[in-house]
Number of protein chains: 2
Amino acid sequence: MTATPDAKPRGTRLPRMARRRQLLSAAQEVFVENGYHAAAMDEIAERAGVSKPVLYQHFPGKQELYLALLDLHVDDMITRCRDALASTTDNKQRVQAAIGAFFDFVSGQGEAFRLVFESDLRNVAQVRQRIERNLRESAEMISHVIQEDTGCSSDEARLLGVGLVGMAEVSARYWISSTGSIPKDAATQLMARLAWRGISGFPRTS
Amino acid sequence: MTATPDAKPRGTRLPRMARRRQLLSAAQEVFVENGYHAAAMDEIAERAGVSKPVLYQHFPGKQELYLALLDLHVDDMITRCRDALASTTDNKQRVQAAIGAFFDFVSGQGEAFRLVFESDLRNVAQVRQRIERNLRESAEMISHVIQEDTGCSSDEARLLGVGLVGMAEVSARYWISSTGSIPKDAATQLMARLAWRGISGFPRTS
DNA sequence: GGGCCATCCTACGCGCGGGTAACCAGGTCA
DNA sequence: TGACCTGGTTACCCGCGCGTAGGATGGCCC
């Protein structure tokens, strides 16, 4: 997705798959900058140094293009979360790793996280599905761990998982938007401590 | 905002302010159902039993109409949060009350929370501002409490506040969407316990 | 009753942007 | 060398939906 920051001589012919990757990359830039609605197919094509019909030879329509991109990043996020949970068997470390996954994801190339976390277009069912899949699957993985370890019902564990995901997602988005104040590691550890020990775990020290 | 579920004879003349309230109410319905972009001014007018120019006699444009509504509910959410924190001086109870505020807000009339939490139109600066104001002010209030009570720096306290708000917001939205499984009080208490004690506070009981 | 104001209506203009039709160019292979 | 396939271009169509011009109607005061 970081693909081809090449010179774009606007006359070059490209093999099909290379062009496709480049189009996806251009589309991501434009969708991230403007959101779905304010993004124009003309601009995506132009940014790729190509004319509009080329775009339509690779994707049947604007929405399908958007969905292709969204799928990519939803899968990415879910994978990061899964890997984080599988990286250790110590639950305290699991929390740290999973929260780190969210901070890494929002730091990822091109602010792609906006597609997953700030999409305009939730009203379209296909988009909503994918966004909810992200929340659902992440929370589900976490809730399994919770259920193995506590006496919670599965409904309760799911809600707890969603809460933790929400905490991680929102704080990571806030952290990246106010970049500079706190280094990533410190922020991750702070939120991990909150998740693990709760707010009462920050003792009155002063 | 629950205003006037009256019969709408489609010819009735209404005093200006009554009409305005009714238009806001109709607009909220449509914006919540479809989001900003898929909402048509024609439909808002029609749902209010009135023709389009009437709408434009009360609001200069679609965006201003949306903003008026958004302001209403952002203020509502912030007020609920402030009241919750002021309702007691015991911090454990404060957590409970504040989280309850989010659950109450998403239970509020007409799913208005979607305007604040799921708006398509974040790309428009004026909308983004208002949505961020909600997060910022809620988190700020919480972080003040945190700072009074711990040795955190103000940056850290703010991030913790944002995390807690995120937890409450996302879990409340999830709870309302999967309505039926858990009663509101139980859900609120569960999340309050998570916020207060952390996930490690749910002991291995089984 | 007749002017006047506030309220509401039936149309219509018009720009924007997604999607398409029709045509060009260069490399390869018989 | 000419058929053909791949990859690219310019120029256009057209529907949708915001916003408006211009006209009707009913109460109210003189």
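The sequence lines fix the lettering, A, B, ..., with proteins before strands; numbering per chain opens at 1.
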Identify, with sequence neighbours excluded, every residue that meets side-chain contact (heavy atoms from CB on, under 4.5 Å) alongside B:Ala157. B:Ser143, B:Ile146, B:Gln147, B:Cys152
Please report, rounded to the nearest Å, how far the C1' atom of C:dC12 is from the OH atom of B:Tyr56. 14 Å
In whole Å, what is the span from the CD atom of A:Glu46 to the C1' atom of D:dT10? 15 Å
Closest approach of A:Leu194 to A:Met167 (non-hydrogen atoms, all atoms of both residues): CD2-SD, 3.8 Å
If each of A:Gln57 and B:Asp42 is mapped to the nucleotide of DNA chain D with the nearest heavy atom, which maps nearer the 5' terminus, i.e. the 5' end? A:Gln57
Tell me the salt bridge (charged side-chain N to carboxylate O under 4.0 Å, His left out) pairs involving residues 157-177 of chain A, sequence neighbours left out? A:Glu118-A:Arg173, A:Glu140-A:Arg158, A:Asp155-A:Arg158, A:Glu169-A:Arg173
Apply side-chain contact (heavy atoms from CB on, under 4.5 Å) to A:Asp71 and list each qualifying residue two or more places apart in sequence or on a separate chain. A:Arg130
Rounding to an integer number of Å, can you tell me how far A:Lys52 NZ sits from C:dG18 C1'? 6 Å
Base C:dT7 to side chain B:Arg19, donor-acceptor N/O within 3.5 Å cut-off: no
Should the pair B:Arg197 and B:Phe202 be classed as cation-pi, given the thresholds of under 6.0 Å to the six-membered ring centre and 45° from the axis? no
Residue list, salt bridge (charged side-chain N to carboxylate O under 4.0 Å, His left out) with B:Glu64, at least two apart or on another chain: none
Write down the distance between CG (A:Leu14) and C1' (C:dG27), rounded to a whole number of angstrom. 16 Å
Atom CZ of B:Arg20 to atom C1' of C:dA6: distance rounded to whole Å? 17 Å
Starting at CE of A:Met41 and ending at C1' of C:dT20, how long is that distance when rounded to a whole Å? 13 Å
Partner residues of B:Asn123 under the side-chain contact (heavy atoms from CB on, under 4.5 Å) criterion, sequence neighbours left out: A:Asp120
Taking for each residue the nucleotide of DNA chain C with the nearest heavy atom, is it A:Pro53 or A:His37 whose nucleotide lies nearer the 5' end? A:His37
Spacing between B:Leu23 atom CG and C:dC8 atom P, to the nearest angstrom: 9 Å
Report which part of the nucleic acid B:Ala38 touches: base, sugar-phosphate, or nothing (heavy-atom distance under 4.0 Å, all strands). nothing
Near-strand residues of residues 58-66 of chain A, defined as heavy-atom separation under 4.0 angstrom from DNA chain D: none
Which nucleotide sits closest to the side chain of A:Arg16: D:dG7, D:dT9, C:dC8? D:dG7
Atom-pair distance (CZ on B:Arg13; C1' on D:dC28), nearest Å: 12 Å
